[in-house]
Protein chains: 2
Amino acid sequence: MSVVEQLSNDVGVELERVLKALASERRLLILEWLKDPSAHFPPQEHGDPVEHGACNQFIVDKLGVSQPAGSRHLKVLVDAGLIIATPRQGWTYYRRDEERIQSIASRMAEI
Amino acid sequence: MSVVEQLSNDVGVELERVLKALASERRLLILEWLKDPSAHFPPQEHGDPVEHGACNQFIVDKLGVSQPAGSRHLKVLVDAGLIIATPRQGWTYYRRDEERIQSIASRMAEI
DNA sequence: TAGCTATATAACTACCATGTTATGTAGTCG
DNA sequence: CGACTACATAACATGGTAGTTATATAGCTA
């Protein structure tokens, strides 16, 4: 199947959006950090870093941008389906959607 | 090797640029068409479509944008290393850099 | 309830991407 | 040489991206 024909697939439809989401050094860093939250962020009092991911605040701090700017980067990644947000006890935790990321990586092999 | 560490590689250094180049429906179409120039463009009087690719004019026409707009899309792809330009007898032919594209696809598997 | 914290949203600014038309440049051909 | 063609570049308009500060919302906690 051609890349263009894939534009009618669930992933293919979103291909341009996903690529736009990935085309940012800061968002690539976020995805990298989320591969191993415990290694990149301070210990969390609530929420298991492995199960739920890292909280917004830690990510924003590490990015070195304002809280709204970091929050929007995370939203872009969520909207592209690359990460999953889990609101919990006033915090929001983010983790990679590995299945979806893998699916996108497969499509990229056919670009 | 992590994605971030790859930022010191030849491909990794360019990862953001490549993703920005790919994050455009029009440029994805160009790459798709160049997979098989003979199937997507009229016969060329000069230049072998398989060896040198399709000429600027055909691509621009098929995109349906102005000549400068199409020309710039092609330049973005060239600058990202995704296609190769071959000036010849007043025309410029473009073909995919399959080796480079494959290299990028491999890196994407580690995103 | 009152106040604190975490996150999201609004409003604004600056910059980049992409489109256009106009023009420059290089090669072809009569 | 002069006209034509192919492509690149310049100049400009416009929309989207990404940053900021200010403000709203929601959940703890005393």
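Below, read A as the first sequence line, B as the second, and so on, with proteins coming before strands; counting in each chain starts at 1. Since we're looking at a predicted model, the values are computed, not measured.
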Notebook entry, point to check: Starting at CG of A:Leu63 and ending at P of D:dG19, how long is that distance when rounded to a whole Å?
Noted result: 8 Å
Check: Once each nucleotide of nucleotides 16-27 of chain C is scored for protein heavy atoms under 4.0 Å, what B/S/- sequence comes out, 5' to 3'?
Finding: --BBBBB----S
Checklist line | Distance in angstrom units between A:Asp79 CG and C:dT9 C1', rounded | finding: 14 Å
Note to self: Test your reading of the model: is there a side-chain donor-acceptor pair from B:Arg96 to the backbone of B:Leu34, 3.5 Å cut-off?
What the structure shows: no
Check: With sequence neighbours left out, what residues match A:Asp61 under side-chain hydrogen bond (donor to acceptor under 3.5 Å, both in side chains)?
Finding: none
Notebook entry, point to check: Can you tell me how far P of D:dG27 sits from CG of A:Asn56, to the nearest Å?
Noted result: 16 Å
Checklist line | Distance, rounded to the nearest Å, where A:Leu74 contributes CG and D:dA18 contributes C1' | finding: 14 Å
Margin query: Could you tell me how far apart A:Gln57 (CD) and C:dA6 (P) are, to the nearest whole angstrom?
Written below: 4 Å
Next item on the list: Please state how far atom NZ in A:Lys75 lies from atom P in C:dA10, giving the value in whole angstrom units.
Entry: 10 Å
Margin query: Without decimals, in angstroms, what is the distance between A:Phe58 CZ and C:dT5 P?
Written below: 15 Å
Notebook entry, point to check: B:Ser24 side chain to B:Lys20 main-chain N or O, any donor-acceptor pair under 3.5 Å?
Noted result: no
Checklist line | Salt bridge present between B:Lys35 and B:Glu32 (N-O < 4.0 angstrom) | finding: yes
Note to self: What is the separation between atom CG on A:Leu77 and atom C1' on D:dA18, rounded to the nearest whole Å?
What the structure shows: 14 Å
Checklist line | Main-chain N/O of B:Ala80 paired to B:Arg100 side chain as donor or acceptor, under 3.5 Å | finding: yes
Margin query: Taking the side chain as everything from C-beta on, heavy atoms only, tell me whether A:Ile111 gets closer than 4.5 Å to A:Leu15.
Written below: yes
